[in-house]
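Here's the structure we're looking at; comments come further down.
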Amino acid sequence: MDENTFTENFNNQRWPSKTFLCYMVERLDDENTATPLDEHKGFVRNKGRDEPGEPCHAELYFLEQIRSWNLDRNQHYRLTCFISWTPCYNCAQKLTTFLEENHHISLHIFASRIYTVDDSGSHQSGLRALQVRAGITIMTSKDFERCWVTFVDHKEKPFQPWEGLEVKSKKLCEELQAILRAQQN
DNA sequence: ATTTTCAAT
């Protein structure tokens, strides 16, 4: 991913109308030692309404990727993804179902911002259901840096935090905590 | 005090 794509989409003070999702996979052995599977590292983006064909959220392309790997059900894998918006209700449901059917796969989602557009259900309830099967947290500067180091063509440049990163991240983190803690809806 | 959202005006 190039530098501008990262900045335009993951900067938590911007409001891009598209979504990028970076993913990586590790195999865990009996002692929980992680071995990165770099052949399955990459990123996807949504297909927008201004593009030909049916629009599609980034998460569905991500699921397509995972399925194509045919990960061994006798092993255990840890998937990590960095996504620029939290999953909508539908995508959260699809991810939840996938994880219920694939216990050999664990998923942790780091999200830059909270997507709050309601479609067929409330984004809050979608995220709460997802949290039962997956880890979901707001990206802190440490996470932005890891995403930068792992996925951006950074040309050896270190990650440069932007103005207000920490404050915004903290605020979003509190918002997400409130969503995940709520009892209904 | 603080919009904007995998768009649609």
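Just so it is clear: chains get the letters A, B, ... in the order the sequence lines come, proteins before strands, and each one is counted from 1. Bear in mind that the values here come from a model prediction, so they are computed numbers and not experimental data.
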Output the rounded distance in Å from CG (A:Leu176) to C1' (B:dT5).
15 Å
Do A:Asn12 and A:Trp162 get their side chains close enough for a donor-acceptor pair, meaning under 3.5 Å?
yes
Does atom CD (A:Glu54) have a neighbourhood of more than 12 heavy atoms from anything else shown, all under 6.0 Å?
no
Does the B:dT5 base have a donor-acceptor partner in the side chain of A:Thr116 within less than 3.5 Å?
yes
Whole-Å distance between B:dA7 P and A:Arg113 CZ?
14 Å
With nearest nucleotides of DNA chain B determined for A:Lys168 and A:Ser17 from heavy-atom distances, which residue corresponds to the more 5′ nucleotide?
A:Lys168
Separation of B:dA8 P from A:Trp15 CH2 (nearest whole Å):
18 Å
Starting at CZ of A:Arg49 and ending at P of B:dC6, how long is that distance when rounded to a whole Å?
9 Å
Protein-nucleotide distance (A:Glu54, atom CD; B:dC6, atom C1'), rounded to Å:
14 Å
Taking B:dA7 as the reference, what is the distance to B:dA1 when you measure between their P atoms (whole Å, please)?
34 Å
Any side-chain hydrogen bond (donor to acceptor under 3.5 Å, both in side chains) involving residues 134-160 of chain A? Give me the pairs, sequence neighbours left out, ordered by first then second residue.
A:Glu3-A:Lys157, A:His108-A:Thr137, A:Thr140-A:Asp143, A:Ser141-A:Glu166, A:Asp153-A:Lys155
Whole-Å distance between B:dT5 P and A:Asn90 CG?
19 Å
Using the C1' atoms only, state how far B:dC6 lies from B:dT2, rounded to an integer number of Å.
24 Å
Closest-nucleotide mapping onto DNA chain B: is A:Asp50 or A:Arg14 further toward the 5' terminus? I mean the 5' end.
A:Arg14
Spacing of A:Asn46 atom CG relative to B:dC6 atom C1', expressed in whole Å:
4 Å
Hey, can you tell me if A:Phe43 and A:Phe20 have their rings parallel, tilted or perpendicular (30° and 60° cut-offs)?
tilted
Before we go on, tell me: are the rings of A:Phe110 and A:Phe82 under 6.0 Å apart, centre to centre?
yes
What is the nucleic acid contact for A:Ser112, judged by heavy atoms within less than 4.0 Å: base, sugar-phosphate only, or nothing?
nothing
Could you tell me how far apart A:Gln93 (CD) and B:dC6 (P) are, to the nearest whole angstrom?
19 Å
